[in-house]
Amino acid sequence: MYTFSNKLKTFSIILMVLGLLGVGYGFMTSHKSFEEVETLLAEEAHHGSGHVEEATHAAPSHDAHAIDSHGEKEHAGVDEHAKHIEHVQHQIANRPWSALYVAAFFFMMIALGILAFYAIQIASQAGWSPVLFRVMEGMTSYLLPGGLIVIGIAVASHFIGHNNLFVWMDPEVVEHDKLIQGKSGWLNIWGFLIRGLIFLGGWSLYRHFSRKFSIAQDTAEDKSNFKKSFRISAGFLVFFIYTESMMAWDWIMSVDPHWFSTLFGWYVFASMFVSGITVLALITIYLKSRNYLEFVNENHLHDVAKFMFAFSIFWTYLWFSQFMLIWYSNIPEEVTYFVSRFNDYKLPFLGMVVLNFVFPILMLMNADYKRIPWFVVMTGLVILFGHYIDIFNMIMPATVGDRWFIGIPEISSILLFAGLFIFVVFTALTKAPLLVKGYPFRKESEDFHY
């Protein structure tokens, strides 16, 4: 049985505390007054940052003698100036909400990605992976609390944050937007909440029963629990492939309600899948270094690293397909998504392609490197950072525009959810033996050689 070390437990709690303090600081400093934002924009204009041109317009004179035939234009200029400042004010207020949401979704998707991977292993009756099942089950324990947090942040941003994340939740915006009105049958707060709970409920039910059957099989005298697990895994994968796509539309794509992509569900899936498999490799290597998982050998690590390599390429294929088709067709309603990212997010947008494709393909192409633990850890950390930036690029342009930065709100949010993830996952690992003793393919997995 695994024992959650006091050092790791303390480390996870410290991460959560530091994260909470930083998140609190981010929220406290995000509310700027009209005058503060006006001063900020004036300073940016003075230093030539080029954030906004409209903000540099000097307010026309209010001297009564200055009113002439240009009075109406001057008044319109004042209105535009005020509207722009209010817009930037809203973007700055959005930043801590967005940072929290990006980090919450990132850690939730790691648990969901590994749940799908786990179901695939059982449904395909894979012979190499059963020795890793308990690690996968431990990771999936974060899915329910992590998913509830994501839904909670989204709903709280509506009721507390004045629609800081999803513009379609704002009745005033919907009232003047014909396109969002046309989607209001789907994009409404109650539909969003009910669908989210259905998705999360289905995933969590599968997780609960697959774990129950897995533990029961350890002491069972027949294979009935294995057969049940096989059947529900096959059913879950059908449910998952539909609900994962709808989740991607609701929880991520709808921050840009005027834009859509038919590839988006697959694109998010690729990101969550490779992230989940990468964390599986990191936790396995950690446990192995602490003298647990003695039945896991370098061949298992090699296969996990192969999946990291393969799905990094699959992610790149989907990224390029989505980008290339939209760029080539050059339809204004579609290209606006990438124009905003090229203009304001060029470094993270192009940088994540290096992190998620170029780096993994160079590091993991050689079969021998996939067997070296420290090498897999180094590559895995880069991949995880790259996919965090991927989620960052999906959310931030629609919510904070060009007011993005990776600072205290973003880093604190990562620390908060990393600490919670470690605490939940490693607590779950203490609840059952780390080897599935009664699983039919256990012996094949233990003797696995590549």
Handout entry: Residue pairs fulfilling salt bridge (charged side-chain N to carboxylate O under 4.0 Å, His left out) with at least one residue in residues 253-276, sequence neighbours excluded
Key =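 Only D256-R341 qualify under salt bridge (charged side-chain N to carboxylate O under 4.0 Å, His left out).
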
Problem - Sub-6.0 Å ring centroid separation between F213 and F226 - result: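 No, they do not, as the ring centres are separated by 6.0 Å or more.
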
Measure the shortest side-chain to side-chain distance between [X] and [Y] over non-hydrogen atoms and say whether it is less than 4.5 angstrom.
{"X": "I391", "Y": "M394", "answer": "yes"}
{"X": "L293", "Y": "V131", "answer": "no"}
{"X": "H258", "Y": "E333", "answer": "no"}
{"X": "W128", "Y": "V304", "answer": "yes"}

Can you establish whether the number of heavy atoms outside [X] located under 6.0 Å from its atom [atom1] is more than 12?
{"X": "N6", "atom1": "CG", "result": "no"}
{"X": "F338", "atom1": "CZ", "result": "yes"}
{"X": "W404", "atom1": "CH2", "result": "yes"}
{"X": "Y292", "atom1": "OH", "result": "yes"}
{"X": "F323", "atom1": "CZ", "result": "yes"}
{"X": "W186", "atom1": "CH2", "result": "yes"}

Exercise for the section: Would you please name every residue forming a side chain to side chain donor-acceptor pair (under 3.5 Å) with Q217, sequence neighbours left out? Expected result: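 In terms of side chain to side chain donor-acceptor pair (under 3.5 Å), with neighbours along the sequence ignored, Q217 is linked to no residue.
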
Problem - Residue of the set K370, R371, K288 for which side-chain hydrogen bond (donor to acceptor under 3.5 Å, both in side chains) holds with E298 - result: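 For E298, the side-chain hydrogen bond (donor to acceptor under 3.5 Å, both in side chains) test succeeds with only one of K370, R371, K288, which is R371.
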
Run the side chain to side chain contact (heavy atoms under 4.5 Å, CB included) test against [X] and tell me which residues pass, sequence neighbours left out.
{"X": "S254", "answer": "F166, W168, L187"}
{"X": "K431", "answer": "R211, T427"}
{"X": "V382", "answer": "L355, F359"}
{"X": "S289", "answer": "Y286"}

Practice task
In sequence, state the C-alpha distance, the side-chain angles, and the governing distance for F117 and F307, and then conclude on ring-ring contact (aromatic ring centres under 6.0 Å, His included).
Solution key: CA-CA 10 Å; F117 186 67; F307 276 104; 5.0 Å; yes

Handout entry: Between S214 and R134: side-chain donor-acceptor atoms closer than 3.5 Å
Key =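 Per modelled atom types, S214 and R134 side chains form a pair under 3.5 Å.
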
Could you report the tightest heavy-atom contact between [X] and [Y], atom names first, then the distance?
{"X": "T316", "Y": "S312", "answer": "OG1-O, 2.7 Å"}
{"X": "P440", "Y": "K223", "answer": "CG-CD, 3.6 Å"}
{"X": "S12", "Y": "F4", "answer": "OG-CZ, 4.4 Å"}

Can you tell which of [options] makes a ring-ring contact (aromatic ring centres under 6.0 Å, His included) with [X]?
{"X": "Y337", "options": "Y345, W259, F342", "answer": "W259"}
{"X": "H387", "options": "F273, F106, W315", "answer": "W315"}
{"X": "W319", "options": "F314, F349, F357, Y267", "answer": "F349"}

Which class fits the ring pair [X] and [Y]: parallel under 30°, tilted 30 to 60°, perpendicular over 60°?
{"X": "F107", "Y": "Y142", "value": "perpendicular"}
{"X": "F269", "Y": "F311", "value": "perpendicular"}
{"X": "Y118", "Y": "F133", "value": "perpendicular"}

Practice task
Please answer whether the main-chain N or O of P409 pairs with a side-chain N or O of S412 as donor and acceptor at a distance below 3.5 Å.
Solution key: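 No.
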
Practice task
Would you check, one step at a time, whether the test side chain to side chain donor-acceptor pair (under 3.5 Å) holds for D303 with H300?
Solution key: CA-CA 5 Å; D303 270 24; H300 299 107; over 6 Å; no

Exercise for the section: Check step by step if ring-ring contact (aromatic ring centres under 6.0 Å, His included) holds for F27 and W97. Expected result: CA-CA 8 Å; F27 276 101; W97 284 101; 5.2 Å; yes

